[in-house]
Amino acid sequence: MNPEKKRALSIFKTLGKRYPSADCELDFTNPFELIVATVLSAQCTDKRVNLVTPPLFKKYPTPKKMASAKILDLEEMVRTTGFYHNKARNIQMLSQKLLTDFDGEVPSTLEELITLPGVGRKTANVVLGHAFGVPGITVDTHFGRLSRRFGWSDSEDPVKVERDVMELIPEKEWTNLSQRLIWHGRRICHARKPACGACPLISLCPSYGIGETDKIEAMKLVKPDSAFR
DNA sequence: ATCCCGAGGG
DNA sequence: CCCTCTGGAT
């Protein structure tokens, strides 16, 4: 086993112990709720999404109900997740498209998923992995930052990062690894103020102590009394 | 006051 | 490649 692979695997094992699946953000039981929640989660904390989704799904539990919602009501209900104008329109148009093009079901291929409004590669991969059990690596910007930091890929291109990480990790682990890394990126290893005190990866992290909070090239320095020492 | 960082469109 | 959309966290 080459050293790079060994390192990636030891990081995964550390994360696996620290973050059981139940603690991760994606706790939706049906594909419709999952895809809507994932659209809403774009550039938004999972805390905000988790506040907004229970009343949303109580009122609009199916594509059919959401397709005929009042757009202003959808906007109001998802407002605090940011970009609410786009998101409300997207989840409604997405619902309508599920009805017209997919018999009211969430499709299960990448090609079909990315035709839905508000669904890009990241959202599609989340749905494939968690609603349909299709093994895959989901690269969001948190994953991208961690990949950059730990040297899993020499590329910034998410598709290339996906392929490179797939070579480091057994297929069986892809979905869980993605979920745990994204969770770790959102809750611990933010770009802004990483919670290094709560991070299980300190001993492996090439950035710890340097004050580097985002791109390695950027080498942003923070004050000594903040998260980094 | 600045930055977060997914999707879509130019 | 570039830019915009937004509330919230810092």
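These figures come from a predicted structure and were not determined experimentally. Labels below follow one simple rule: chain letters A, B, ... track the order of the sequence lines, proteins then strands, and each chain is numbered from 1. Just the heavy atoms: all of them, side chains too, but no hydrogens, waters or symmetry mates, feed the values below.
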Inset, instruction - May I ask whether A/Leu168 and A/Val159 are part of the same hydrophobic cluster, defined by side-chain heavy atoms of I, L, V, M, F, W, Y residues being less than 4.5 angstrom apart, directly or through others? - result: no
Inset, instruction - Give A/Leu116 one of three labels, base, sugar-phosphate or nothing, depending on what nucleic acid heavy atoms sit under 4.0 Å from its own. - result: sugar-phosphate
Inset, instruction - Look at the side chain of A/Ala42 and decide which nucleotide, out of C/dG7, B/dC4, B/dG6, has an atom nearest to it. - result: B/dG6
Inset, instruction - Take atom NZ of A/Lys193 and atom C1' of B/dT2, then tell me their distance rounded to the nearest Å. - result: 16 Å
Legend entry - Length of the line joining A/Asn90:CG and C/dT6:P, which is rounded to integer Å: 11 Å
Legend entry - For atom NE2 of A/His85 and atom C1' of B/dG6, their distance in whole Å: 18 Å
Inset, instruction - With the side chain of A/Thr141 defined as its heavy atoms from C-beta on, choose the nearest nucleotide among B/dC5, C/dG7, C/dC5. - result: B/dC5
Inset, instruction - Output yes when at least one side-chain N/O atom of A/His142 is less than 4.0 Å from OP1 or OP2 of B/dC5, else no. - result: yes
Inset, instruction - Measure the distance from CG on A/Leu94 to C1' on B/dG8 and round it to the nearest whole Å. - result: 15 Å
Legend entry - Touch class at under 4.0 angstrom, heavy-atom based, for A/Val39 against every strand present: nothing
Legend entry - A/Trp152 side chain to A/Asp164 backbone, donor-acceptor under 3.5 Å: no
Legend entry - Donor-acceptor pair, side chain of A/Glu75 and main chain of A/Tyr84, under 3.5 angstrom: no
Inset, instruction - Send over the distance from A/Asp140 CG to B/dG6 P, rounded to a whole Å. - result: 5 Å
Inset, instruction - Compare the minimum distances between each of C/dG7, B/dA7, C/dC5 and the side chain of A/Tyr84, then state the nucleotide with the smallest one. - result: C/dG7
Inset, instruction - Keeping the roles fixed (side chain from A/Lys87, backbone from A/Ala42), state whether a donor-acceptor pair exists under 3.5 Å. - result: yes
Inset, instruction - Check the distance between C/dG8's C1' and A/Arg186's CZ and give it to me in whole angstrom. - result: 13 Å
Inset, instruction - Tell me which nucleotide among C/dG8, B/dC5, C/dT6 gets nearest to the side chain of A/Arg48. - result: C/dG8
Inset, instruction - Find the distance A/Arg89:CZ to C/dT6:C1' and express it as a whole number of Å. - result: 13 Å
Inset, instruction - Just call it for A/Thr123: base, sugar-phosphate, or nothing, with non-hydrogen atoms closer than 4.0 Å on any strand. - result: sugar-phosphate
Inset, instruction - Give the rounded distance in Å between these two atoms: CG of A/Asp46 and P of B/dG6. - result: 13 Å
Legend entry - Joint hydrophobic cluster, A/Leu51 plus A/Val36, side-chain heavy atoms closer than 4.5 Å: no
Inset, instruction - Check whether the side chain of A/Arg192 and the base of B/dC3 form a donor-acceptor pair under 3.5 Å. - result: yes
